[in-house]
Amino acid sequence: MVLERSELAENALQCLHDEAYDLPYNNQALNHQTMLFVEGREAESLNGSWNFCVDLLDTGLRQKWFALEKMDPIDRIEPYDYDPYMGEQVEVPSNWQMLKEKWYFFEGSAWYSRPLMIDKLSADERKFLRIGAAQYDCKIFLNGDFLGNHYGGSTPFCFELTGALREGENWLMLCVNNTRTTDRVPMRNTDWFNYGGLYREVALYTTPKTIIRDLYVALVADGTYSRIAVEVQVDGPARGDVEFSIPGLRLYASLTPNENGLAKAVLEASPELWSPDTPKLYDVVASIGDDEVRDRVGFRQIEQIGAELRLNGAPLFLRGISVHEDDFDTGKVTCENDIRRRFEHARELNCNFLRLAHYPHHELASKIADEMGFLLWEEIPVYWAIDFENPATYKDAQNQLIELIKRDRNRASVIIWSVGNENPDTDARLDFMRSLAQTAKAYDPTRLTSAACLINHAKKKIEDRLSDYIDVIGINEYYGWYEENFEDLVEIGINSAPDKPVVISETGADADISSTGPKAGLFSEAYQTHVYERQIETLRALDYVKGISPWILYDFRVERRQNMFQQGRNKKGLIAGDKQTKKEAFHKLAAFYAQKQQEQEACKNKNGK
Ligand code: GCU
């Protein structure tokens with residue numbers, strides 16, 4: 001049904017005159033409330049070849065490509081501009097920019113479509129579609145019907161297909177749009193590449209009628225280390241109690257859902273505590289009727305007490321490094337090997353901490369961090385200038401934050417939720433981000449909140465009004481690079497007396513170590529090393545600095561860096577973009593962290609904590 005036929009429209013060209021064509025497809029019906037807890041569930045992967053077509057002018061929504069009937073081209077009786085049932089294919093997951101030179105800077109809508117075969121439908125089963133991430137707006141159509149769309153480029157989203165599927169062949173069509181706009185989160189200007197596409201896994205889940213929609217298990221943060229809080233959200237016809245167990249603790253409990261399907265309990269137990277040195281994980285199992293989910297959970301407590309950070313009651317210093325999710329070959333598509341490599345390099349740096357900047361990374365990252373023993377800062381892309389006055393923008397940011405928290409709040413490695421990065425200190429921003437910090441606490445009272453704030457250069461102090469509403473003050477400072485007078489950092493250190501722990505969430509300098517890189521001055525390896533030496537010397541003297549995550553582990557792709565040394569890359573990596581060639585500053589930081597680790601161990605041996 002193409003709306004260029006006059007009998008189908010008031011006039012033959014209606015679909016070309018309607019600039020509100022996309023409004024009906026922006027209900028954001030896919031959001032944190034439609035998420036499905038998937039740990040331990042069997043997934044039917046929908047990765048692989050999908051039909052694909054870029055669609056710069058949104059002809060697909062205007063002409064309703066999704067409504068075209070499937071038929072042999074020879075049988076078609078009306079003109080059409082794309083047939084979603086055939087044609088060019090791409091692999092999912094992928095970023096289209098990495099697949100063809102002509103798509104490198106493509107920004108707009110792109111159509112992904114594929115058949116979905118359903119052998120038999122049962123009235124006792126439910127079907128859920130889950131997309132690991134799509135950058136940025138993803139509109140879902142099934143058999144010609146619009147189901148809903150999702151905003152947010154880095155969080156998973158689900159949609160129940162029960163009742164919309166038919167036995168035999170169905171057609172799934174997704175319209176993914178990565179256009180940067182002024183009301184998005186992030187907004188249109190970022191210092192990372194604007195990848196687009198279905199770039200994480202797509203899967204179908206089949207469940208019974210009554211399911212466990214969400215499971216949240218955490219040590220009660222009361223300093224006793226002996227109580228485990230369990231929350232289970234049941235969805236569907238009542239099927240009695242939820243059976244919950246942690247076999248490794250010989251813990252078994254029946255939880256009775258309330259009238260809203262929520263079952264909660266606090267159980268007495270004395271788990272071996274999780275920490276980077278002892279990353280102990282326990283299998284947890286929850287079931288109701290025929291539905292069962294499983295997860296692997298570590299039990300630990302993270303606290304901010306005055307200007308101190310404490311992990312399981314012991315003083316903590318975060319020896320960190322910042323990382324993007326970026327690869328010169330695959331773009332934003334990552335995999336287990338890529339993630340493990342990053343943690344191995346962090347281990348070589350003697351890190352116990354990573355800042356996953358500036359958006360939610362693949363869920364494998366926090367699972368592997370749980371297993372290997374790393375602490376994580378996770379963040380939503382409330383980055384630089386955001387439309388802080390816009391309620392729709394706040395709704396988008398808050399939804400992305402809740403989706404991140406619901407996805408990762410069973411992960412012991414995650415200790416900090418960051419609500420943003422380098423935002424201007426205005427009243428509107430303060431309201432916007434204070435509300436986000438409060439949202440984080442509401443969904444997860446066991447973790448700390450933070451944001452990467454800016455130094456008040458006028459007062460030469462660490463001072464940001466948001467710091468009254470977050471637990472950890474993140475500070476991005478680039479003395480020696482963007483800030484010329486390094487002595488100011490010393491003065492700032494003396495002027496500032498924050499009453500909360502400070503984490504230097506970014507510092508660093510570019511270094512081009514290629515054969516055409518400079519031998520001295522800005523962008524040289526020697527200059528980067530010099531900046532790290534001075535930063536380390538200055539920061540180690542500030543006792544309220546409880547962590548550092550320099551910018552950044554690897555060089556990464558970005559459009560806005562185009563000088564002869566950068567050529568479309570940000571070169572602040574301690575390792576080059578090949579993810580193997582270390583720069584001299586890598587070793588400087590590793591040595592500092594090794595010393596810091598020894599100091600911490602000596603202190604622990606002396607004080608027994
Ligand atoms: C900023 C920003 C980063 C950016 C970095 C840089 O602090 O937070 O996203 O890449 O500085 O300029 O390299």
Side-chain angles (χ1 to χ4, degrees), residues 29-52 89-95 111-122 125-135 138-143 147-150 152-167 169-176 197-209 211-215 235-236 290-296 325 330 332-336 338-339 360-368 403-404 406-408 410-411:
L30 284 71
N31 54 52
H32 73 88
Q33 289 164 319
T34 59
M35 288 176 83
L36 173 69
F37 189 86
V38 294
E39 298 309 318
R41 291 189 186 284
E42 194 180 324
E44 178 190 337
S45 173
L46 299 181
N47 295 346
S49 294
W50 288 59
N51 297 341
F52 179 80
Q89 295 198 316
V90 298
E91 282 301 296
V92 167
S94 62
N95 293 115
W111 286 82
Y112 293 81
S113 48
R114 59 156 288 160
L116 185 53
M117 301 306 294
I118 301 291
D119 295 337
K120 182 114 185 67
L121 284 175
S122 157
E125 286 179 344
R126 297 167 74 174
K127 299 281 186 182
F128 293 87
L129 173 71
R130 184 182 195 260
I131 292 161
Q135 174 72 7
C138 180
K139 304 178 193 300
I140 298 186
F141 300 85
L142 179 73
N143 299 330
L147 299 184
N149 74 309
H150 176 266
S154 309
T155 40
F157 51 101
C158 302
F159 200 76
E160 183 160 5
L161 301 182
T162 315
L165 289 164
R166 58 192 178 215
E167 287 183 355
E169 186 180 87
N170 298 263
W171 272 82
L172 199 50
M173 297 183 194
L174 276 50
C175 178
V176 182
L198 286 179
Y199 71 93
R200 291 184 190 152
E201 292 70 25
V202 182
L204 187 71
Y205 292 87
T206 301
T207 73
K209 294 283 276 187
I211 58 170
I212 288 174
R213 170 77 73 169
D214 197 10
L215 170 66
D235 175 337
D290 303 326
D291 195 41
E292 179 180 283
V293 293
R294 294 171 170 271
D295 206 348
R296 297 181 70 214
E325 197 169 60
T330 63
K332 211 170 181 304
V333 177
T334 186
C335 63
E336 180 164 354
D338 184 41
I339 293 171
H361 287 217
H362 195 290
E363 55 211 322
L364 260 182
S366 54
K367 288 181 185 172
I368 294 171
E403 286 176 337
L404 169 61
K406 281 188 167 180
R407 188 194 75 178
D408 286 1
N410 287 347
R411 304 277 74 80

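In this chain, numbering begins with 1 at the start of the sequence shown.
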- Go through the steps to decide whether Thr206 and Lys127 satisfy the test side-chain hydrogen bond (donor to acceptor under 3.5 Å, both in side chains), and finish with yes or no. CA-CA 5 Å; Thr206 301; Lys127 299 281 186 182; 2.8 Å; yes
- Message: side chain to side chain contact (heavy atoms under 4.5 Å, CB included) for Phe52 and Val92? Distances and angles first, verdict last.
- Response: CA-CA 10 Å; Phe52 179 80; Val92 167; over 6 Å; no
- Query: So Ile131 and Leu174, side chain to side chain contact (heavy atoms under 4.5 Å, CB included) or not? Walk me through it.
  - Reply: CA-CA 11 Å; Ile131 292 161; Leu174 276 50; 3.5 Å; yes
- Report the C-alpha distance between Phe141 and Lys139 in whole Å, list the side-chain angles of each, state the deciding distance to 0.1 Å, and finish with yes or no for side chain to side chain contact (heavy atoms under 4.5 Å, CB included). CA-CA 7 Å; Phe141 300 85; Lys139 304 178 193 300; 3.9 Å; yes
- Are Phe128 and Val38 close enough, and set up right, to give a side chain to side chain contact (heavy atoms under 4.5 Å, CB included), and what steps lead you there? CA-CA 10 Å; Phe128 293 87; Val38 294; over 6 Å; no
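Between Leu165 and Leu142, the shortest heavy-atom distance links the atoms CD2-CD2, 3.8 Å. Contact record, Gly148 with Ala29: CA-CB, 4.3 Å, taken as the closest heavy-atom pair. Of all heavy-atom pairs between Thr155 and Pro360, the closest is CG2-CG, 3.7 Å. For the residue pair Gly153 and Gln135, the shortest heavy atom distance occurs at CA-OE1, 2.9 Å. Shortest non-hydrogen contact noted between Phe159 and Leu147 is CZ-O, 3.3 Å. Contact record, Lys332 with Ser154: NZ-OG, 3.9 Å, taken as the closest heavy-atom pair.
Checking Glu201 against His362 by side-chain atom types alone, a donor-acceptor pair falls below 3.5 Å.
More than 12 heavy atoms of other shown residues, nucleotides or ligands fall within 6.0 angstrom of atom CZ in Arg166.
Asn149 places none of its side-chain heavy atoms less than 4.5 Å from the side chain of Ile140. When side chains are defined from C-beta on, Leu129 counts as touching Leu46, because their heavy atoms get closer than 4.5 Å. Considering only heavy atoms from C-beta on, Trp50 comes within 4.5 Å of Val202 through its side chain. Pro156 places a side-chain heavy atom less than 4.5 Å from the side chain of Arg130. Using a 4.5 Å heavy-atom cutoff, the side chains of Leu161 and Asn170 are not in contact.
Rounding to the nearest 0.5 angstrom, the gap separating the CZ atom in Arg126 from the CD atom in Glu160 is 4.0 Å. Put simply, CD1 on Ile339 and CD on Glu325 are 7.0 Å apart, with the number rounded to the nearest 0.5 Å. In this structure, Leu121 CG and Thr162 OG1 are separated by 9.0 Å, a value rounded to the nearest 0.5 Å. Separating the CG atom in Leu30 from the CE atom in Met35 is a distance of 11.0 Å, to the nearest 0.5 Å. If you take CD1 on Ile118 and CD on Glu167, they are separated by 9.0 Å, rounding to the nearest 0.5 Å. Atoms CG and CZ, from Asn410 and Phe37 in turn, are 5.0 Å apart once rounded to the nearest 0.5 Å.
Shown here are the side-chain contact (heavy atoms from CB on, under 4.5 Å) partners of Glu91, two or more places apart in sequence or in another chain: Ser49.
Sorted by first and then second residue, the side chain to side chain donor-acceptor pair (under 3.5 Å) pairs involving residues 30-44 (not counting sequence neighbours) are His32-Lys406, Glu39-Lys367, Arg41-Asp291.
Ring planes of His150 and Phe157: parallel class, angle under 30° (limits at 30 and 60°).
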